[in-house]
Amino acid sequence: DTYLQCMAIKSAIPHPRIMGFICECGGKMYMGECNWELAKDNFFDAFKNYDEAGSPQRVQVLKYLVLASLLSESEVNPLSGPEAMAYVSDPAIVAITALVAAFESQDVAKFELTLRQNTVHIQDDPFIARYIDDLRRTLRMQALESAVRPYTRIRIDSLARRLDMTPADAEQLLVALILDKRLRANIDQEQGILALEQDTADHQQFDALSKWATNIEAMLRSSIATLG
């Protein structure tokens with residue numbers, strides 16, 4: 001509530017450092033609500049204001065901006081912007097850049113290695129540590145979605161080995177992908193197999209004919225109702 005009240009004040013122009021703090025609080029609030037997009041926007045505004053004020057907090061908030069961007073599955077790398085380029089050699093940003101690289105390559109093993117090698121700049125930050133499991137889940141779901149694409153059937157334990165996770169975790173994430181309609185597939189739990197539905201030309205033609213028949217039926221009903 002305090003954040004929203006501060007943002008509603010239009011009668012005064014706050015110092016960039018103050019505005020940066022307000023936007024940082026907003027970003028953290030939205031992160032707590034799992035609203036990654038609004039969190040990303042607020043952290044970006046916080047970074048710009050801290051940068052303008054010359055505050056060292058800009059580096060910390062830049063890490064939070066990257067965190068929110070990864071969780072929102074944004075295709076835009078915030079570290080590629082001109083404002084952020086000045087800080088890419090900072091040790092904290094070097095660590096977070098390695099995390100971005102693991103995401104971009106959908107490399108689960110590299111993600112875990114980066115976490116272990118950069119404990120000080122990533123996992124020792126209490127705010128970032130709170131969302132490591134969310135990051136891991138997001139990356140694993142992306143990697144699974146890409147890994148199954150060439151197949152019509154694949155064993156779940158094979159997927160799990162390839163992506164450095166347990167079969168139980170792989171199955172749970174596949175179920176989430178199916179429920180989110182990111183995968184058209186069925187799971188044979190007894191055999192431990194994922195069977196994917198393929199978008200064939202025949203299937204697409206059947207869908208088109210089905211829609212056409214439904215429209216014709218609706219038109220006939222409408223005509224009969226008018227004549228009656």
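Expressed to the nearest 0.5 Å, how far NZ of Lys63 lies from CD1 of Ile93 amounts to 7.0 Å. With rounding to the nearest 0.5 Å, the separation of CG in Asp180 from CE in Met141 is 5.0 Å. One distance of note links CG of Asn186 with CG of Leu196; it measures 9.0 Å at 0.5 Å rounding. How far CD1 of Ile193 is from CD of Gln189: 12.5 Å, rounded to the nearest 0.5 Å. Ile132 contributes atom CD1, which lies 6.5 Å from atom CG of Leu99 (distance to the nearest 0.5 angstrom). One finds the NZ atom of Lys40 at 10.5 Å from the CG atom of Asp45 (value rounded to the nearest 0.5 Å).
The side-chain hydrogen bond (donor to acceptor under 3.5 Å, both in side chains) pairs that include a residue from residues 67-79 are Glu73-Gln142, where partners are two or more places apart or lie in different chains.
Following chains of ILVMFWY side-chain contacts shorter than 4.5 Å, one cannot reach Val66 starting from Leu38, and the two form parts of different hydrophobic clusters. Both Tyr151 and Val175 are members of a single hydrophobic cluster when ILVMFWY side chains are connected at heavy-atom separations under 4.5 Å. At a threshold of 4.5 Å between side-chain heavy atoms, the hydrophobic network of Ile, Leu, Val, Met, Phe, Trp and Tyr places Tyr87 and Val100 in one connected group. Leu113 is not connected to Leu139 by any chain of hydrophobic side-chain contacts under 4.5 Å among Ile, Leu, Val, Met, Phe, Trp and Tyr, and they are in different clusters. Cluster membership check: Leu179 shares its hydrophobic cluster with Leu173, using side-chain heavy-atom separations under 4.5 Å among Ile, Leu, Val, Met, Phe, Trp and Tyr.
Across all their heavy atoms, Val59 and Ala92 have their closest contact at CG1-CB, 4.1 Å. Considering every non-hydrogen atom in both Ala147 and Leu159, the closest pair reads CB-CD2, 3.8 Å. Nearest heavy-atom pair, Ala109 versus Asp164, reported as atom, atom and distance to 0.1 Å: CA-OD2, 4.1 Å. In terms of heavy-atom proximity, Pro167 sits nearest to Ile156 at O-CG2, 3.8 Å. Nearest heavy atoms, Ala39 versus Gly27: CB-O, 3.5 Å. Of all heavy-atom pairs spanning Ala95 and Ile122, the tightest one is O-CD1, 3.9 Å.
Residues Asp125 and Tyr64 meet the side-chain proximity criterion, which asks for heavy atoms closer than 4.5 Å. By the 4.5 Å heavy-atom criterion applied to side chains, Arg17 and Glu52 are not counted as neighbours. Contact of the Ile154 side chain with the Leu194 side chain is registered, since non-hydrogen atoms from C-beta on lie closer than 4.5 Å. Put simply, the side chain of Glu171 does not reach to within 4.5 Å of the side chain of Thr166, judged on heavy atoms. At a threshold of 4.5 Å between non-hydrogen side-chain atoms, the residues Phe111 and Arg140 do not count as touching. Inter-residue side-chain proximity for Met19 and His15 is flagged as unmet; no heavy-atom pair is nearer than 4.5 Å. Side-chain contact between Val94 and Asn118: absent, with no pair of heavy atoms (C-beta onward) separated by less than 4.5 Å. Between Leu177 and Val148, every side-chain heavy-atom pair lies at or beyond the 4.5 Å cut-off.
Judged purely by atom type and a 3.5 angstrom limit, Arg149 has no side-chain atom pairing as donor or acceptor with the backbone of Leu144.
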Please test Leu70 against Thr138 for side chain to side chain contact (heavy atoms under 4.5 Å, CB included), starting from the C-alpha separation and ending with a verdict. CA-CA 8 Å; Leu70 294 176; Thr138 300; over 6 Å; no

With side chain to side chain contact (heavy atoms under 4.5 Å, CB included) as the criterion, how do Leu115 and Gln123 come out once you've worked through the C-alpha distance, each side chain's angles and the decisive distance to 0.1 Å? CA-CA 7 Å; Leu115 290 179; Gln123 297 197 78; 3.6 Å; yes

Step by step, work out the side chain to side chain contact (heavy atoms under 4.5 Å, CB included) result for Leu79 and Leu62. CA-CA 8 Å; Leu79 296 176; Leu62 185 54; 4.0 Å; yes

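Cation-pi geometry between Lys28 and Phe127 is satisfied (NZ or CZ under 6.0 Å from the ring centre, within 45° of the ring normal).
The environment of Arg136 atom CZ is dense: over 12 non-hydrogen atoms of other residues, nucleotides or ligands sit within 6.0 angstrom. Applying the 6.0 Å contact sphere to CZ of Arg153 captures no more than 12 heavy atoms from other residues, nucleotides or ligands.
Side-chain contact of Asp41 with Tyr30: a donor-acceptor pair under 3.5 Å is absent, judged by distance alone.
For Phe21, the side-chain contact (heavy atoms from CB on, under 4.5 Å) partners two or more places apart in sequence, or in a different chain, are Cys25, Tyr50.
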